[in-house]
Amino acid sequence: MKRPTYTLPSIVKKVFRSGERSLPRTEICSRMEVSELNAFLNLDSAALLDKVLELEQSPVRVGSSDAIVELTYQPHQLFDLAYRFLRDTLTPKKMDQIVAELRRQTQFGWNQIQRLLQLDKDPRFVQYQGDPRWFLAEWTLGNDQVFEFCRDNGITQVTSRSLVHFLEQEVGIAADAAFLPVLDDRFRIDGERLYIIVRSEEPNEEESAEMEIAVTAASETIAKTEEETAEDLTESGQTVQLLEEHHESFNPKEEKTMSNVTDIQVLQEVQELLQQAIERLETRQNEMSQEVVSHFQQSNMQAIEVLMKEKHKHEQIVLGIQQVLATSEQQ
């Protein structure tokens, strides 16, 4: 059974509550067991604590007596700035991303920030095994909520295109909740689809049944995005209107100052430019599809949402250009 599991130092840090600087060993072990933080590890709480105490960058150390364990964290403005960065973006970050942001905000050098910013020691930051990014300890994990919703509603497949809407609007996952399908064997990513593996628990069945039922994303159908389409077309309306005015001016029936031959040549040139614009937009669409997959595997929902909005806008612009081309060909 594979589930998102905190790293050993993170498990110990999660035990400490706000304002606590030290705890008895017995209390730390008891809290780990009650909260089941070590449930998916082959370590009992006492052995886990001993391992963490032996780490070079351990968040805890032995206190005034062997029975007391205290945090090693020492406050510094860099820790506070890093905390605000993650809190404000609501997105887990790799260490180099955090350092780059703090380098921008302060006068500290890159190496100096890396030396001072030991997030292993700050109880406000945690990591999951197999994920290099840093999360805030106060954030919840939404994997169980997503799985239970899909299981109860017979959903076993979601497209990357509809994932953000699905998590926020249908599942109702909190904005600060982490969703980590890569670290959970109840989920499987294949291309641009997330599969939820629902196994039957009937005692008489010989094998667990896997059901895969496709969920059609609302955002994938034009009928369900008519309002969004109208908004996007309004944004590109000035460009399309100008193009249409050009086409109207190139109508040979109006017999303006330029000759029919010139009209046809200019019209063909405009049509070629419009076709090139479509090709460039479609190329960008393909690039965005790959970017979505990359962000999807990293559970970067914010980046996916931005890309989906851009992709949808491009689709509507392409549609508008195609309509203009169709009109010009009729003339």
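Computed from a prediction, not measured in an experiment: that's the story for all the values here.
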Participant: Decide yes or no on side chain to side chain contact (heavy atoms under 4.5 Å, CB included) for Asp185 and Ile197, but give the supporting numbers first.
Facilitator: CA-CA 8 Å; Asp185 60 11; Ile197 310 303; over 6 Å; no
Participant: Locate the shortest heavy-atom distance separating Leu49 from Cys29; write the atom from each residue and the value.
Facilitator: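 Answer, listing the atom of Leu49 first, then Cys29: CD2-SG, 4.4 Å.
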Participant: Glu20 side chain to Arg17 main-chain N or O, any donor-acceptor pair under 3.5 Å?
Facilitator: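 At least one qualifying donor-acceptor pair exists.
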Participant: Measuring only between side-chain heavy atoms, which start at C-beta, is Gln145 closer than 4.5 Å to Thr140?
Facilitator: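 Result no, sub-4.5 Å side-chain heavy-atom pair not found.
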Participant: What heavy-atom pair brings Lys94 and Pro132 nearest, and what distance separates the two atoms?
Facilitator: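 It is CE-CG, 4.1 Å.
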Participant: Going through the distances and angles, do Asp131 and Arg133 end up as a salt bridge (charged side-chain N to carboxylate O under 4.0 Å, His left out)?
Facilitator: CA-CA 6 Å; Asp131 194 324; Arg133 297 172 299 170; 2.8 Å; yes
Participant: Would you call Tyr195 and Asp190 a side-chain contact if the rule is heavy atoms closer than 4.5 Å?
Facilitator: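 Tyr195 reaches Asp190 side chain to side chain.
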Participant: Test your reading of the model: is there a side-chain donor-acceptor pair from Asn143 to the backbone of Leu180, 3.5 Å cut-off?
Facilitator: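 Such a contact is found between Asn143 side chain and Leu180 backbone.
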Participant: Run the side chain to side chain contact (heavy atoms under 4.5 Å, CB included) test on Leu23 and Val69 for me, step by step, so that the C-alpha distance in whole Å, both residues' side-chain angles and the decisive distance to 0.1 Å come before the verdict.
Facilitator: CA-CA 5 Å; Leu23 288 171; Val69 173; 5.8 Å; no
Participant: Any side-chain donor-acceptor pair under 3.5 Å between Thr5 and Gln129?
Facilitator: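 Per modelled atom types, Thr5 and Gln129 side chains form no pair under 3.5 Å.
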Participant: How close do Phe147 and Ile196 get, counting heavy atoms only, and between which atoms?
Facilitator: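 Answer, listing the atom of Phe147 first, then Ile196: CD1-CG2, 3.7 Å.
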Participant: Counting only heavy atoms not in Arg280 (residues, nucleotides, ligands), do more than 12 fall under 6.0 Å from its CZ?
Facilitator: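 Not buried by this count: 12 neighbours or fewer within 6.0 Å.
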Participant: Might you point out which heavy atoms bring Ser58 and Leu53 nearest each other, and give the distance in Å?
Facilitator: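 Where Ser58 meets Leu53 most closely, the heavy atoms are OG-CA, 3.9 Å.
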Participant: Could you check whether Asp80 pairs with Arg124 (Lys NZ or Arg NE/NH1/NH2 to Asp/Glu carboxylate O, under 4.0 Å)?
Facilitator: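 Yes.
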Participant: Would you check, one step at a time, whether the test side chain to side chain contact (heavy atoms under 4.5 Å, CB included) holds for Glu70 with Val62?
Facilitator: CA-CA 6 Å; Glu70 61 184 22; Val62 176; over 6 Å; no
Participant: Taking NZ, NE, NH1 and NH2 as the nitrogens, is one of them in Asp50 or Arg25 under 4.0 Å from a carboxylate oxygen of the other?
Facilitator: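 A salt bridge is present here (some side-chain N lies under 4.0 Å from a carboxylate O).
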Participant: Are Phe149 and Leu194 connected, step by step, through hydrophobic side chains (Ile, Leu, Val, Met, Phe, Trp, Tyr) whose heavy atoms are closer than 4.5 Å?
Facilitator: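 Yes.
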Participant: Do Asn38 and Leu43 touch side chain to side chain, with heavy atoms closer than 4.5 Å?
Facilitator: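 Not in contact.
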Participant: Has Ser30 got a side-chain atom pairing as donor or acceptor with Thr26's backbone, closer than 3.5 angstrom?
Facilitator: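 Checked: no pair found.
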Participant: Could you pull out the closest heavy-atom pair between Arg103 and Phe108, with the gap in Å?
Facilitator: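 What the structure gives for the nearest pair is CD-O, 3.1 Å.
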Participant: For Glu101, is there an ion pair with Arg104 - N to carboxylate O distance below 4.0 angstrom?
Facilitator: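 Salt bridge between Arg104 and Glu101, a charged N being under 4.0 Å from a carboxylate O: yes.
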Participant: Evaluate the side-chain proximity of Leu119 to Gln127: yes if any heavy-atom separation is below 4.5 Å, no if none is.
Facilitator: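 Side chain of Gln127 against side chain of Leu119, heavy atoms only: no contact under 4.5 Å found.
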Participant: Any carboxylate oxygen within less than 4.0 angstrom of a Lys/Arg side-chain nitrogen, looking at Asp144 and Arg151?
Facilitator: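 A salt bridge is absent here (no side-chain N lies under 4.0 Å from a carboxylate O).
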Participant: When rounded to the nearest 0.5 angstrom, what distance separates CG in Leu102 from CD in Gln105?
Facilitator: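 Between atom CG of Leu102 and atom CD of Gln105 there are 6.0 Å.
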Participant: Nearest 0.5 Å please: distance from the OG1 atom of Thr72 over to the CZ atom of Arg21.
Facilitator: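 If I round to the nearest 0.5 Å, the distance is 8.0 Å.
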Participant: Looking only at heavy atoms, what is the nearest atom pair of Ala178 and Phe135, with distance?
Facilitator: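 What the structure gives for the nearest pair is CB-CE2, 3.8 Å.
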Participant: Check whether Ile278 and Val270 end up in the same hydrophobic cluster, where Ile, Leu, Val, Met, Phe, Trp and Tyr are linked by side-chain heavy atoms less than 4.5 Å apart.
Facilitator: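 They do share one cluster, since a chain of ILVMFWY contacts under 4.5 Å joins Ile278 to Val270.
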Participant: So that I know where these two stand, are Phe179 and Phe187 an aromatic pair - ring centroids less than 6.0 Å apart?
Facilitator: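 Ring centroids of Phe179 and Phe187 are less than 6.0 Å from each other.
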Participant: In Å, rounded to the nearest 0.5 Å, how long is the span from CG of Leu78 to CD of Gln114?
Facilitator: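 CD of Gln114 is found 11.5 Å from CG of Leu78.
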Participant: To the closest 0.5 Å, what do you measure between CD (Gln276) and CD1 (Ile321)?
Facilitator: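 The CD atom of Gln276 sits 11.5 Å away from the CD1 atom of Ile321.
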Participant: Hey, what do you get for CZ (Arg3) to CD (Glu36), rounding to the nearest 0.5 Å?
Facilitator: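 Going from CZ on Arg3 over to CD on Glu36, the span is 12.5 Å.
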Participant: Just wondering, do Phe125 and Pro59 contact through their side chains at under 4.5 Å, heavy atoms?
Facilitator: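 Sidechains of Phe125 and Pro59: no contact.
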Participant: State plainly whether one hydrophobic cluster holds both Leu136 and Leu141, where clusters connect Ile, Leu, Val, Met, Phe, Trp and Tyr through side-chain heavy atoms under 4.5 angstrom apart.
Facilitator: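 The answer is yes; both residues are in one hydrophobic cluster.
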Participant: Does the side chain to side chain contact (heavy atoms under 4.5 Å, CB included) test come out yes or no for Ile11 and Met32, once each step is laid out?
Facilitator: CA-CA 8 Å; Ile11 289 176; Met32 276 193 278; 3.5 Å; yes
Participant: Report yes if some heavy atom in the side chain of Leu86 is under 4.5 Å from a heavy atom in the side chain of Trp139; otherwise report no.
Facilitator: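 Leu86 vs Trp139: side chains touch.
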Participant: Taking C-beta and beyond as the side chain, do Val198 and Arg186 meet within less than 4.5 Å on heavy atoms?
Facilitator: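 Sidechains of Arg186 and Val198: no contact.
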Participant: Find out if a path of hydrophobic residues (ILVMFWY) with successive side-chain heavy-atom gaps under 4.5 Å connects Ile317 to Leu273.
Facilitator: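 Different hydrophobic clusters.
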Participant: With no hydrogens and no angle check, is any side-chain donor or acceptor of Lys2 less than 3.5 Å from a backbone partner on Val182?
Facilitator: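 Such a contact is found between Lys2 side chain and Val182 backbone.
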Participant: Using 0.5 Å steps for rounding, measure from the CE atom of Met95 to the CD1 atom of Ile113.
Facilitator: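 It comes to 8.5 Å.
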Participant: Do the non-hydrogen side-chain atoms of Asp120 and Thr7 ever get within less than 4.5 Å of each other?
Facilitator: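 Result no, sub-4.5 Å side-chain heavy-atom pair not found.
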Participant: Going hydrophobic residue to hydrophobic residue with side-chain gaps under 4.5 angstrom, can you get from Phe16 over to Ile68?
Facilitator: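 Each belongs to a different hydrophobic cluster.
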Participant: Could you tell me whether Gln57 atom CD has more than 12 heavy atoms of other residues or ligands within 6.0 Å of it?
Facilitator: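 It does: Gln57 CD has more than 12 such atoms within range.
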